[in-house]
Amino acid sequence: TVTEQSKNLSELAFKFQTVFEYSGIGILLLDTAGVILEVNPAFCTMTGKDKNSIIRSKLQGFFDDADCSKKIEEVVDTEFDFIQFEQIINSSDDKKPVNITLSPVRQSENQIDYILCIVENISYKKILEKKQQEQEIMLIQQSKMAAMGEMIGAIAHQWRQPLNAIALIVQDFKSAY
């Protein structure tokens, strides 16, 4: 019935609003020019700005690189389902690496109604990657040192063999004379 469908639709709208408001990642709705139409609290927290100062501003204003506007044009001009890229977000306290996903939302086949933008803070991931690189460098250094130790041991062994032979000859001279 119509009443059940209306109730289901209301429940679904409530669920989507809850996801939008309480998500830990930034969610934005953009028009095809990159102007922010709607923003969730997580993105406000990332930037350190309030919702009213973010809405109606351009997305690329929050990032260091002009690549953001090119990616918006790319998602509008192509048939991609989504585009992902990394950027540095300018926040009030520092700069943070983020992963951005742009997805066009179409109600009809040809026209994009708006662009869904997901912004995920990847600072922790970058810290872990840096630690992993440092550990790999340390393992390579340890491997080099172990190889050098083996080589020095082999050289010392090669020197000891002739010296032992000379020592035996000298002892033989002493016993012979």
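Positions are given from 1, in the same order as the sequence printed here. None of the values given here were measured: they were computed from a predicted structure.
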Could you walk me through whether L116 and L102 pass the side-chain contact (heavy atoms from CB on, under 4.5 Å) check?
CA-CA 6 Å; L116 176 64; L102 299 174; over 6 Å; no

Can E21 and Q17 be said to form a side-chain hydrogen bond (donor to acceptor under 3.5 Å, both in side chains), step by step?
CA-CA 6 Å; E21 293 295 324; Q17 186 65 30; 3.0 Å; yes

Can you list the steps and then say if N99 with Q84 is a side-chain contact (heavy atoms from CB on, under 4.5 Å)?
CA-CA 7 Å; N99 187 40; Q84 278 190 327; 3.7 Å; yes

Worked verdict on Q5 versus L9 for side-chain contact (heavy atoms from CB on, under 4.5 Å)
CA-CA 6 Å; Q5 287 178 342; L9 194 58; over 6 Å; no

For the pair C44 and I54, evaluate side-chain contact (heavy atoms from CB on, under 4.5 Å) and give the outcome as yes or no after the intermediate values.
CA-CA 8 Å; C44 295; I54 294 174; 3.8 Å; yes

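Distance check: T32 OG1 to Q111 CD gives 8.5 Å after rounding to the nearest 0.5 Å. With rounding to the nearest 0.5 Å, the separation of NZ in K71 from CD in Q87 is 9.0 Å. Taken to the nearest 0.5 Å, the NZ atom of K51 stands 5.0 Å off from the CD1 atom of I55. Going from atom CG of L12 over to atom NZ of K7 covers 14.0 Å, rounded to the nearest 0.5 Å. With rounding to the nearest 0.5 angstrom, the OG atom of S143 is 12.5 Å from the CE atom of M138. Between atom NZ of residue K130 and atom CD of residue Q133 there is a gap of 9.0 Å, rounded to the nearest 0.5 Å.
Side-chain contact between S23 and N40: present, with at least one pair of heavy atoms (C-beta onward) separated by less than 4.5 Å. Taking 4.5 Å as the limit, every side-chain heavy atom of S69 sits out of range of all side-chain heavy atoms of I72. Contact check for L139 versus Q142: side-chain heavy atoms found under the 4.5 Å cut-off. With contacts defined as side-chain heavy-atom distances shorter than 4.5 Å, the pair L28/V119 qualifies. Between I88 and K96, the closest side-chain pair of non-hydrogen atoms is not below 4.5 Å. I100 is not listed as a side-chain neighbour of I118, based on a closest heavy-atom distance of 4.5 Å or more. Contact annotation: the side chain of L59 approaches that of C117 to within less than 4.5 Å [non-hydrogen atoms, C-beta and beyond]. Side-chain atoms of V105 and I112, non-hydrogen and from C-beta on, never get closer than 4.5 Å to each other.
A continuous path of Ile, Leu, Val, Met, Phe, Trp and Tyr side chains, each step under 4.5 Å between heavy atoms, connects L29 with I25, placing both in one hydrophobic cluster. Hydrophobic clustering places F85 together with F63 (ILVMFWY residues linked when any side-chain heavy atoms are closer than 4.5 Å, directly or through intermediates).
Between the S53 side chain and the K49 main chain, no donor and acceptor come within less than 3.5 Å of each other. Of the possible donor and acceptor atoms, none in the side chain of N121 sits under 3.5 Å from a partner among the backbone N and O of V98. Judged purely by atom type and a 3.5 angstrom limit, T45 uses its side chain to pair as donor or acceptor with the backbone of P41.
Note on ring orientation: taking the six-membered ring where Trp is involved, the planes of F43 and F62 are perpendicular (angle over 60°, cut-offs 30° and 60°).
The local environment of CG in D81 is sparse, with at most 12 non-hydrogen atoms from other residues, nucleotides or ligands closer than 6.0 Å. Heavy-atom contacts from other residues, nucleotides or ligands closer than 6.0 Å to CZ of R56 number 12 or fewer.
Residues I36 and V39 approach most closely at CG2-CB, 4.3 Å, considering heavy atoms.
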